[in-house]
*Asks:* 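One structure is given below, represented as structure tokens, and several questions about it will come after.
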Amino acid sequence: MTPPTGRWILVWLPAAVLAAGLLATGLVSWLVKQQLDNNSRELFEDQHLELAEEIQSAINQRLNLLNMVASALQPGINRQQMFNQQSGLLLRRFPDVLTLDRIAIVPASERSFVEQQLSSENNQYITFGAWHADCETVTAANDDDYQEVVQVAERMPTAITLGLVVNTVPHWRQPLETALLHEKTSATAQTYLQRNGSQQTSVRLFRACPQIAPDQPREIVSLALSPQNLIQDIVPGNISDDMQATVFDLDQHLKLPLFASSKIEHPLPGLAIRSALSVADREWILTSTPNSNLIYGESRRIRELIWLIGAAGSLLMAALAWWLGKRIRFEMAARAEVRKHLSTARRTNENARIEKDALKRALNDSEQRSRDLVELAGGFIADLDEAGRFGYISPQILALIGQPPGSLTQHLITDVVIEADQERLRQALAECRRDKHLTRTDLILQHTDNYPVPVTLRIKPLIDTLNGYAGFRLSGISRPGQPEEPL
């Protein structure tokens, strides 16, 4: 069986199905990637905003408590005792608060007294100190008055700022002036300070206390907090391991950050988000930077699964298309073979029909020729069964004996033979049956008008291949006045 042309069914159809499946998988993968990446960015933005809100809320709490401590130092009360009470509560509540200082104006005439009092209360020698360029302090020069830290509440045994002349620190001058003149909390940049055998890096908040008397200078409460400790307590529960948070002072963004979480691998600075944090009259910048796993990790895993399923499905569909193509090709081949056989059969049938028509025409011509010969000879032909009864008889019998063929059907041939010749006819039929060859005999038939009709009969036996002998076929020719001749 030769298969029909159409190799595309086995090659190009599976290839097209595979290509379509892979293209569909790629489209689905791209759409899913876009959606998941957008979801990851939104989740990252939510984490950033939540972190910013938490940090801002923590800063506001400390500002409010500083305002509460400053407001508690009302005229007419023991400010030293009240300061100790309020600052103790604040230090216990917030570990990131390093110190609280009470700052007062000390006239030059009281300098020695205040230094002795501070030294006595703290069991160490305390002098008025001024900030130096190398972040250490030196003994303050003589002045008309001193804006001095007269009381300190802190976690360390050594009071690092006690006795410090605060307006000698360059980063503190403007915030101090703002706190006194504008009745609001003011903040400093992060400052490193080394004094009294200790060191400290902190951001300072200043708040003016209520004035004791119109002619008396106002005191100031200062709160020193560690941005690192403040933010460190908030960050772990609000960001993932794939996100880095850094906080800069807006005016010092080129310096070291106030806080920086652990470094991450493969960061994406282009997707970083920034938010402003208000710290009194200063601003911090919170920057959240994701890495590739946070933004693209989920979509990468889902896309790998999509490609795995899509490729497997495409291969399965391509295999199914190949199998169907093979079946189709087999069916096409079978149909082509059937068409070929049908075409051959039609040609054979047509040839047989043509041959049959030719044979039929030849048979008809032969039969007509035989009939014409019999008719021209003045005779007839007939078929007899085994008993000698007429089956078929030609129409010439009518002209010969005056009886139509239909009236002789199923009648014995002896009925139309004169009685004297009937025995001869029986003997001729018996001889023909026995010898199975052509037998000739001369008889006289009886005309319906009661005159004799001499004829010569030629009898041939009919042989059936299944049943053997089946009857006779004979022809009769008129022989007027002719004597009988042997065969």
*Asks:* Side chain to side chain donor-acceptor pair (under 3.5 Å), that's the test. Do Gln35 and Asn39 meet it? Break it down for me.
*Replies:* CA-CA 6 Å; Gln35 184 63 40; Asn39 293 343; 3.2 Å; yes
*Asks:* For Asp357, which residues count as a side chain to side chain donor-acceptor pair (under 3.5 Å) partner, sequence neighbours excluded?
*Replies:* Arg353
*Asks:* Do Arg79 and Val150 come within less than 4.5 Å of each other through their side chains, counting heavy atoms only?
*Replies:* no
*Asks:* Can you name the nearest heavy-atom pair linking Ser222 to Arg204, along with the distance?
*Replies:* OG-NH1, 3.1 Å
*Asks:* If you count heavy atoms of other groups shown closer than 6.0 angstrom to CH2 of Trp307, is the number above 12?
*Replies:* yes
*Asks:* Does some side-chain heavy atom of Leu250 sit less than 4.5 Å from a side-chain heavy atom of Arg282?
*Replies:* no
*Asks:* If you look at every heavy atom in Thr161 and Val152, which pair is closest and at what distance?
*Replies:* OG1-CG2, 3.5 Å
*Asks:* Do Met82 and Gln85 have side chains that approach each other closer than 4.5 Å (heavy atoms only, starting at C-beta)?
*Replies:* yes
*Asks:* Are Val106 and Phe113 packed together at the side-chain level, in the sense that at least one heavy-atom pair is separated by less than 4.5 angstrom?
*Replies:* no
*Asks:* State whether a side-chain donor-acceptor pair under 3.5 Å links His266 with Ser292.
*Replies:* no
*Asks:* Would you please name every residue forming a ring pair (Phe, Tyr, Trp, His ring centres under 6.0 Å) with Trp172, sequence neighbours left out?
*Replies:* Phe206
*Asks:* What residue pairs, at least two apart or across chains, pass ring-ring contact (aromatic ring centres under 6.0 Å, His included) with a residue in residues 277-304?
*Replies:* none
*Asks:* Does any non-hydrogen side-chain atom of Leu271 lie less than 4.5 Å from one of Arg41?
*Replies:* yes
*Asks:* For Arg173 and Asn167, work out which heavy atoms get closest and say how close.
*Replies:* NE-O, 2.8 Å
*Asks:* Any side-chain heavy atom of Thr178 within less than 4.5 Å of one from Lys184?
*Replies:* yes
*Asks:* Closest approach of Ala141 and Arg111, non-hydrogen atoms and distance?
*Replies:* O-NH1, 3.6 Å
*Asks:* Here's a test for you: under side-chain contact (heavy atoms from CB on, under 4.5 Å), which of Ile295, Asn293, Leu294 qualifies with Met243?
*Replies:* Leu294
*Asks:* If I take atom CZ from residue Phe94 and atom CG from residue Asn229, how far apart are they, to the nearest 0.5 angstrom?
*Replies:* 14.0 Å
*Asks:* Could you walk me through whether Arg339 and Ser343 pass the side chain to side chain contact (heavy atoms under 4.5 Å, CB included) check?
*Replies:* CA-CA 6 Å; Arg339 286 194 296 268; Ser343 177; over 6 Å; no
*Asks:* Between Gln56 and Ser278 (side chain of the first, backbone of the second, donor and acceptor by atom type, cut-off under 3.5 Å), is there such a pair?
*Replies:* yes
*Asks:* Counting only N and O atoms by type, is there a donor-acceptor contact under 3.5 Å from the side chain of Ser29 to the main-chain atoms of Thr25?
*Replies:* no
*Asks:* Which heavy atom of Ala318 sits nearest a heavy atom of Val17, and at what distance?
*Replies:* N-CG1, 3.8 Å
*Asks:* If the test is side-chain contact (heavy atoms from CB on, under 4.5 Å), which one of Ile231, Ile273, Leu51, Leu258 qualifies with Leu286?
*Replies:* Leu51
*Asks:* Given the rule in the side chain to side chain contact (heavy atoms under 4.5 Å, CB included) test, do Phe44 and Asp242 qualify, once you have shown the distances and angles that lead to the verdict?
*Replies:* CA-CA 10 Å; Phe44 166 61; Asp242 297 320; over 6 Å; no
*Asks:* Is the closest side-chain donor-acceptor distance between Asn38 and Glu42 under 3.5 Å?
*Replies:* no
*Asks:* Side chain to side chain contact (heavy atoms under 4.5 Å, CB included), that's the test. Do Thr188 and Leu176 meet it? Break it down for me.
*Replies:* CA-CA 9 Å; Thr188 69; Leu176 285 168; over 6 Å; no
*Asks:* Are Leu73 and Arg102 side-chain neighbours, meaning at least one heavy-atom pair lies under 4.5 Å?
*Replies:* yes
*Asks:* Would you say that Leu230 contacts Arg62 through its side chain, given a criterion of any heavy-atom pair below 4.5 Å between the two side chains?
*Replies:* yes
*Asks:* Can you tell me if Ser120 uses its side chain to pair, donor with acceptor, with the backbone of Gln116 under 3.5 Å?
*Replies:* no
*Asks:* Give the intermediate values and the outcome of side chain to side chain contact (heavy atoms under 4.5 Å, CB included) for residues Leu164 and Val169.
*Replies:* CA-CA 9 Å; Leu164 178 66; Val169 181; 4.2 Å; yes
*Asks:* If you measure from the Lys or Arg side-chain nitrogens to the Asp or Glu carboxylate oxygens, is any gap between Glu350 and Arg347 under 4.0 Å?
*Replies:* no
*Asks:* Are the charged groups of Arg300 and Glu304 less than 4.0 angstrom apart, N to O?
*Replies:* no
*Asks:* I need the minimum non-hydrogen distance between Gln80 and Gln151, along with the two atoms involved.
*Replies:* O-NE2, 2.9 Å
*Asks:* State whether the number of non-hydrogen atoms from other residues, nucleotides or ligands found under 6.0 Å of Arg301 atom CZ is greater than 12.
*Replies:* yes
*Asks:* How about CD on Glu331, more than 12 heavy atoms from neighbouring residues, nucleotides or ligands closer than 6.0 Å, or not?
*Replies:* yes
